[in-house]
Amino acid sequence: HTAQSQHWFIAHVKAVPWSRVVNVLLIGAIVWHAATFFLSNSPKLQQYWDSLLNSRHAQRLWSALTKLPADNWMVYESAMQNAPWRTSAIISGVAYFLADWTAQ
């Protein structure tokens, strides 16, 4: 069983276009280096970025995004207790719609 799975892995690894992987990694490294160099050597941009992250709106957005998953989970649990069939049908419908939409 392990020899067969090793052959499957080797066959799929050989099918990977390594030149594409190397190109993506090189381009990513260049873009990352350029962005960090630009951001670290531009005091005005860094000051703007710091003021943006420390603004009241950014803090409110961060607190909303950190509370959102817990709040949604509590709503989901209460809906599953009150109307399990309806909740399950709605969740399945939304998941099917999103999957179909992204596949298009």
Side-chain angles (χ1 to χ4, degrees):
H1 187 293
T2 58
Q4 185 181 15
S5 63
Q6 287 176 349
H7 291 299
W8 176 85
F9 178 74
I10 290 171
H12 280 74
V13 168
K14 286 181 181 177
V16 172
W18 287 105
S19 60
R20 179 178 279 177
V21 173
V22 170
N23 286 341
V24 167
L25 290 174
L26 284 174
I27 291 171
I30 291 168
V31 168
W32 177 259
H33 178 69
T36 55
F37 178 79
F38 180 71
L39 289 175
S40 63
N41 290 331
S42 175
K44 279 190 169 185
L45 187 61
Q46 190 158 7
Q47 181 183 9
Y48 172 74
W49 185 252
D50 290 341
S51 68
L52 183 67
L53 289 178
N54 293 327
S55 71
R56 188 177 59 166
H57 298 294
Q59 291 173 355
R60 290 175 66 192
L61 178 64
W62 178 252
S63 69
L65 290 176
T66 55
K67 291 178 184 177
L68 192 63
D71 292 343
N72 284 344
W73 188 256
M74 288 188 304
V75 169
Y76 172 74
E77 284 182 337
S78 68
M80 283 299 285
Q81 287 177 352
N82 295 335
W85 287 92
R86 186 182 326 155
T87 304
S88 181
I90 291 171
I91 295 295
S92 296
V94 168
Y96 179 80
F97 171 76
L98 290 174
D100 187 49
W101 182 57
T102 56
Q104 299 293 328

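Numbering starts at 1 and runs along the sequence shown. All values reported here derive from a predicted model rather than from experimental measurement.
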Next item on the list: Report the residue from Val24, Leu25, Ile30, Val31 that forms a side-chain contact (heavy atoms from CB on, under 4.5 Å) with Ile27.
Entry: Val31

Note to self: Could you see if Val75 belongs to whatever hydrophobic cluster contains Met80? Use Ile, Leu, Val, Met, Phe, Trp, Tyr and a side-chain cutoff under 4.5 Å.
What the structure shows: no

Notebook entry, point to check: Between atom CD1 of Ile90 and atom CH2 of Trp85, what is the distance when rounded to the nearest 0.5 Å?
Noted result: 14.0 Å

Next item on the list: Please round to the nearest 0.5 Å and tell me the distance separating atom CG of Asn54 and atom CD of Gln59.
Entry: 6.5 Å

Next item on the list: Return yes if some donor-acceptor pair links the side-chain N/O of Ser92 with the main-chain N/O of Ala89 below 3.5 Å, else return no.
Entry: no

Let me have the donor-acceptor pairs involving side chains of residues 64-72, under 3.5 Å, with sequence neighbours excluded, atom names and distances please.
{"from": "Thr66", "atom 1": "OG1", "to": "Trp62", "atom 2": "O", "distance (Å)": "3.1"}
{"from": "Thr66", "atom 1": "OG1", "to": "Ser63", "atom 2": "O", "distance (Å)": "3.0"}

Check: Parallel, tilted or perpendicular: which describes the rings of Trp101 and Phe97, with under 30° parallel and over 60° perpendicular?
Finding: parallel

Check: In Å and rounded to the nearest 0.5 Å, what is the CE to CD distance from Met74 to Glu77?
Finding: 9.0 Å

Checklist line | Closest non-hydrogen atom pair, Thr87 against Ala79 | finding: OG1-O, 3.1 Å

Check: Can any side-chain N or O of Asp100 pair as donor or acceptor with the backbone N or O of Tyr96 at less than 3.5 Å?
Finding: no

